[in-house]
K.L.:
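The structure is given below, and queries will be raised subsequently.
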Amino acid sequence: MPDPNNQEIAQILTEIASILEIQAENPFRIRAYRKASLVIANLAKPLSIVYQEEGEKGLENLPGIGKNIAQKIVEILETGGLAQYQQLQQEIPPQLLHLVDIRGLGAIRLRTLHEKLGINNLDDLKKAANGGKIRQLPGFGEKSEENIIKGVTDYEKHVGRYLLVRALPYAQELVDYIRQMSGVAMVEMAGSVRRRRETVADLDILVAGKPDIPLYNHLKGYNKIKEIPAHGETKITLVMEMGIQSDVRLLAPESFGAGMLYFTGSKQHNIALRRRALERGWKLSEYGLFSGEKRIAGVTEEEIFRILDLPFIPPELREDQGEIEAAESGRLPRLIRQEDLKGDLHDHTNHSDGYHSLEQMAEAAKNMGYQYLAITDHSKSQTQARGLDENRLLQQIEQIDQLNANLKDFRVLKGMEVDILKDGSLDLPVEVLQKLDCVVGSIHSYFNQPKEETTARMIKAIRSGVVNIIGHPTARLLQEREPVELDMLEVMKAAKKQGVVMELNAHGNRLDLHDAHCHLAKELGVKISISTDSHNCLQLPVIQYGISTARRGWLEAGDVINTLPGDELLKFLRGQRKDRDTQF
DNA sequence: GCCGTTTTCGGCCCGACTGTTTTCAGTCG
């Protein structure tokens, strides 16, 4: 695996952790690999560059990465592989370690299943569970078996799809690689990656050039490819190292725009556009917009839209969710852009489970071009995250005051991510929370409550009088945990009434609220905060995925509170409490 | 395996829930 990127390196470390776990290794050692993997997966800067610029020392300076793992990273970067990893892979059936991703099934029970029932892969597991074999094992029972079957069903739902945060860097690298080739006029990514869907099944890359350019030969030389299962004159199918499939298509330059439109989709959007062309007596295909035999447009998407009497519709909106009607009547939103954001309102430090200090986080946020950063560490019931109790919070408030006194043109907001407890009450007294600039209320426990209970719990928090923002409202983890059952409409209505903001958590496996929820919020007039939930300063750039989701949810700068300049934001946050119909 | 330090070794993610078992192991957040 030459030139491994951060995702690939992170994946190796995760797999090492899983294997060690099945082997019942030292849990702290396992955790160290997991943590390092997480840090790398969320790192904006490629490790190869870090290594190039600062050497092994630079790698060691990253949070969670010490001498040992730094050396392994160097080995991966320089040789494309890792001896220890290859060794470990020999010791475990290759499919087995993926099964730890199934909910309810940890490494220990997986080992038991492997040893007692000879389970080596998903099929074995399904057969054993459906055949009632698992319930007979000591320590397992009927219920365990049921849970495993349910876990397998959830697992199968997302198998074969990739998180945007993982897929996008691949697509970008492939585009960059093809761009180096001479004779290539244009290269762009299309498909659901371009629409920035939260997960994608494959990558679509479009290339404009003459039909005789040696695209296949060029791609054969790409070192990230595992195999090329098919190649014709206009389409080459690649399987990338990490398993994701990529279709590279060669188009004539005169139909490149039509191809972009066609292959970006969505299917429903394309159908609607083709209907529109038909109504005008034309035909729209991936080769162009035609009047009879004559191509009247096709080089660019803009040109095709224009001839169809439409303004350019941003790819994120192309889901046939009313975007064509909106475009027609001049009501397309001016979608929010990353540069509209003035700060991040949900971030952790080493006071709880973050890695960097207050000062480091502030510095990093300033370097992002922000005016402010809210520090929202966990509250005390999050013991595993070393959540803050009242006293530690008061100390942090003092520290932030001192820090702010020394900062110019930047402000750290005093905040907390306070737990919304089982009954909807908050984890710290309202009088303490009132001392803060920005209170994010989040659910971190009892995810399985019935819908009515969770809804009531959220609404109670919204009515607390002190919560400014509801954090990651559905608590889902993409491909890991289903969202809590919640009447989102009722919650949003309550939020609107109380002037409480809903968060769009930008973390790559949260994206919570999701796009449709954002759209709903906009319709109801509920304001949104787009924040990263960063646990170290290297995570701040994942804000881009929040922005993508917001754009898919039709949000404009005015819908998002952290587009406000610092002083206006503070006024807004203070006004939230004052204006509120408080019920304790 | 990382980290921090009272610097080279000890602490690190603890508490709750679930299901199985009848006092606790495994899993999760």
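Proteins get letters first, then strands, A, B, ... in listed order; numbering begins at 1 in each. Here the structure is a predicted model, which means the values were calculated and not measured.
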K.L.:
Residues of residues 138-151 of chain A with any non-hydrogen atom less than 4.0 angstrom from an atom of DNA chain B: list those, numerically ordered, please.
P.N.:
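Going residue by residue through residues 138-151 of chain A, the ones with a heavy atom under 4.0 Å of DNA chain B turn out to be G139(A), F140(A), G141(A), E142(A), K143(A), S144(A), N147(A).
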K.L.:
Which part of the nucleic acid, if any, lies within contact of P63(A), taking any heavy atom under 4.0 Å across all strands shown: a base, the sugar-phosphate backbone alone, or nothing?
P.N.:
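Counting heavy atoms under 4.0 Å across all strands, the contact made by P63(A) is with sugar-phosphate only.
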K.L.:
With no hydrogens and no angle check, do the side chains of S442(A) and E417(A) hold a donor and an acceptor under 3.5 Å apart?
P.N.:
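Per modelled atom types, S442(A) and E417(A) side chains form a pair under 3.5 Å.
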K.L.:
Atom CD of Q136(A) and atom P of dT20(B): how far apart are they, to the nearest Å?
P.N.:
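Atom CD in Q136(A) sits about 13 Å away from atom P in dT20(B).
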K.L.:
Heavy atoms only, 4.0 Å cut-off, all strands: where does I30(A) land among base, sugar-phosphate and nothing?
P.N.:
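The residue I30(A) makes no contact with any strand.
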K.L.:
Base, sugar-phosphate, or nothing for L137(A), non-hydrogen atoms under 4.0 angstrom?
P.N.:
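Answer is nothing: L137(A) stays at 4.0 Å or more from every strand.
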K.L.:
Between H535(A) and H378(A), how do the two ring planes meet: parallel, tilted or perpendicular, split at 30° and 60°?
P.N.:
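Geometry flag for H378(A) against H535(A): tilted rings.
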K.L.:
Looking at Y355(A), does any N or O in its side chain come under 4.0 Å of the phosphate oxygens OP1/OP2 on dC3(B)?
P.N.:
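So the side chain of Y355(A) is within the cut-off, an N or O lying under 4.0 Å from OP1 or OP2 of dC3(B).
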K.L.:
Just name whichever nucleotide pairs with dT8(B), Watson-Crick or G-U, keeping both distances under 3.5 Å, else none.
P.N.:
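Pair assignment: dT8(B) / none.
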K.L.:
How would nucleotides 24-29 of chain B be written as a contact map, 5' to 3', with B for base contact, S for sugar-phosphate-only contact and - for no contact, using protein heavy atoms under 4.0 Å?
P.N.:
--SSSB
K.L.:
Whole-Å distance between dG15(B) P and R386(A) CZ?
P.N.:
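Going from R386(A) (CZ) to dG15(B) (P), I get 14 Å.
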K.L.:
Using the C1' atom as the reference point in each nucleotide, state the distance between dC9(B) and dT5(B) in Å, no decimals.
P.N.:
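Going atom to atom, C1' in each nucleotide, I get 10 Å.
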K.L.:
Rounded to the nearest Å, what distance is computed from the CD atom of residue E60(A) to the P atom of nucleotide dG1(B)?
P.N.:
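Going from CD in E60(A) over to P in dG1(B) covers 14 Å.
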